[in-house]
Amino acid sequence: MLLGKLYTKTLKTLLFNIKNPVFSSHSVKKTLPFTYTQSCTYVDVYMKWKQDPYFESIEHIHKSFELKPIIALKNFIAREPSGSIPISAVSKRGLEFDIHINVARFMRQYPSIFEEFTGPLYNLPWFRLTQEAVEIDKEERRVYEDCRDDLREGLRRFILMSREKVMHLKIIKGLEWYLGLPSDFLENPKVNLDGSFRFVEMEDGLKGLAVVESEGERVLSVLQRNAIKRGVYSGEPNEAIEFPLFPSQGLRLRRKIEDWLMDFQKLPYVSPYEDYSNLDPSTDLAEKRVVGFLHELLSLFVDHTVERKRLLCLKKQFGLPQKVHKAFERHPRMFYLSLKNKTCTAILKEAFRSKSAIPSHPLLNVRKRYIKLMKQSDRILKSRRVNNRSVDQPNLLKDLDSEYEEDCRGRATADLSV
């Protein structure tokens, strides 16, 4: 009786699949050979976030949010022929400099960089750069001159990773701070760009910057160059490169995730400079391409870090998935996420744990000098507060003494009258 019902149910299922081939296509597709080329082996990886004191204490990373508007104001003052500006020139341009408080109040917080003085007319406050800031500004300009080729190569690599080898000028402008480009870099193309760059009109009516590749040229990522140096990569197609991993102390992965990570490392490495249009976005191979892209992108940046929200504007141009931020969470041995400064900052661990693997950006030392000068403002302001209290204190004592003397004279007069 039971076997008869089972036979009838199986027969009905077969007849239904024959009449409705759409519903049975999934089972048929599994038998096709090409479906095994890219298999979807997605593992729902949940990584527990653990704070790392080392990455939380890297000063030039977390001070850069404070330094960026300072540099913008410094450049604005330095471009003036007189080297000084009235406060009215910038008082209503706070958002342009990414300053969300009164601009005069902001500049007065950094007396080691901005020197305030009374202007020639109407006793208005004016600002100029301190001598220390002027010296660092000169060094910064020398770096831009001496390392123009390196800055140009970084911009070129950034554009070459895009889908069409072209990038909106708007996006480049928004990432100038990370790429280490001066604010007027694109305004002087004859000086800063070479024949491999050309300006183009893009489909949405905006202007873009394209890179013309040389025939037969192959651009290698920093991972490929390091793997060749170690002798573990020959450059053949579909060859695997394992990502350098740096586990956080006290954080262990589950066995299931460890096994998945080992298999993930053995997948072929897809360079961010290669065509990726044939990749199935739901596979681990596509994820390895995204992780490789993020590794290369952060290696091009000055601090080897980026605000995670900055990647939102790069999805279309670089073919990134909708939830690209998940790549940082799924690979905590490659990236560290810091939640300082009320934002989420992604940090490339290899740049700090293996400093010889990724060359230091030429502008990094200049920014460190600015931060060191910026910290002197705290001591100057503290000294001013102490001096103000010491000036007020003698006056207070003098007032108390005079009141005491008058009180004594009043009492003496009263005694004599009695």
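For clarity, every value in this text was computed on a predicted model and none was experimentally measured. Scope of the values below: all heavy atoms of this structure, side chains included, with no hydrogens, waters or symmetry mates.
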Between E287 and R330, is the closest basic N to carboxylate O distance under 4.0 Å?
yes
Residues Y370 and K74: side-chain donor-acceptor under 3.5 angstrom
yes
If you count every heavy atom of other residues, nucleotides or ligands that lies below 6.0 Å from I101 atom CD1, does the total exceed 12?
yes
Please determine, by modelled atom types, if R148 and N192 share a side-chain donor-acceptor pair under 3.5 angstrom.
yes
Is the centre of the F328 ring less than 6.0 Å from the centre of the F335 ring?
yes
Check: L220 main-chain N/O paired with R157 side-chain donor or acceptor under 3.5 Å:
yes
Do the side chains of K340 and F65 get nearer than 4.5 Å, heavy atoms only?
no
Salt bridge or not between D378 and R384? Use side-chain N to carboxylate O under 4.0 Å.
no
Can you tell me if S299 uses its side chain to pair, donor with acceptor, with the backbone of E296 under 3.5 Å?
yes
Compute whether any side-chain donor of one residue and acceptor of the other, for E66 and Y110, lie under 3.5 angstrom apart.
yes
Kindly indicate, with the supporting measurements, whether the criterion side-chain hydrogen bond (donor to acceptor under 3.5 Å, both in side chains) is fulfilled by E350 and H295.
CA-CA 9 Å; E350 185 183 15; H295 183 282; 2.6 Å; yes
When you compare the side chain of L169 with that of L206, does any pair of heavy atoms fall below 4.5 Å?
no
Does the structure place the NZ or CZ of R289 under 6.0 Å from the centre of the six-membered ring of Y276, at an angle of no more than 45° from the ring's axis?
yes
Are D137 and R141 ion-paired here, with the side-chain N under 4.0 Å from a carboxylate O?
yes
Test: R156 and E213 ion pair at under 4.0 Å
no
Are H361 and F301 close enough that their ring centers fall under 6.0 Å?
no
Is there a side-chain contact between N226 and I241 in this structure, where contact means two heavy atoms from C-beta onward sitting under 4.5 Å apart?
no
Are the side chains of V270 and L285 in touch, meaning some heavy atoms are under 4.5 Å apart?
yes
Note: P332 and K349 closest approach over all heavy atoms is O-NZ, 2.8 Å
Hey, does the Lys NZ or Arg CZ of R310 hover above the aromatic six-ring of Y178, less than 6.0 Å from the centre and inside 45° of the axis?
no
With a 4.0 Å cut-off, would you call R142 and E145 a salt bridge?
no
Are E307 and T343 close enough that a side-chain donor and a side-chain acceptor fall under 3.5 Å?
yes
Do K68 and D98 meet the salt-bridge criterion of a basic N to acidic O distance under 4.0 Å?
no
Yes or no on side chain to side chain contact (heavy atoms under 4.5 Å, CB included) for L245 and L261, after CA distance, side-chain angles and deciding distance?
CA-CA 10 Å; L245 304 179; L261 187 58; 3.9 Å; yes
Does NZ or CZ of R255 come closer than 6.0 Å to the centre of the six-membered ring of W260, within 45° of the ring's axis?
no
Do Y273 and F293 have their ring centres less than 6.0 Å from each other?
no
For the backbone of Q322 and the side chain of K315, can you confirm whether one donor and one acceptor N or O come within less than 3.5 Å of each other?
yes
Report yes or no: does S57 contribute a side-chain atom to a donor-acceptor pair with the main-chain N or O of P53 at less than 3.5 Å?
yes
Donor-acceptor pair, distance only, cut-off 3.5 Å: does the side chain of S214 make one with the backbone of E217?
no
Could you tell me if the side chain of S221 sits less than 4.5 Å from the side chain of Y269, heavy atoms only?
yes
Side chains of E176 and S183: donor-acceptor distance under 3.5 Å anywhere?
no
Side-chain contact test, heavy atoms from C-beta onward, threshold under 4.5 Å: evaluate it for V212 versus R198 and give yes or no.
yes
Considering only heavy atoms from C-beta outward, does the side chain of E59 approach that of I371 to under 4.5 Å?
yes
K288 NZ/CZ over F243 ring centroid, <6.0 Å and within 45° of normal:
yes
Would you check if F185 and L155 make a side-chain contact, meaning some heavy-atom pair closer than 4.5 Å?
yes
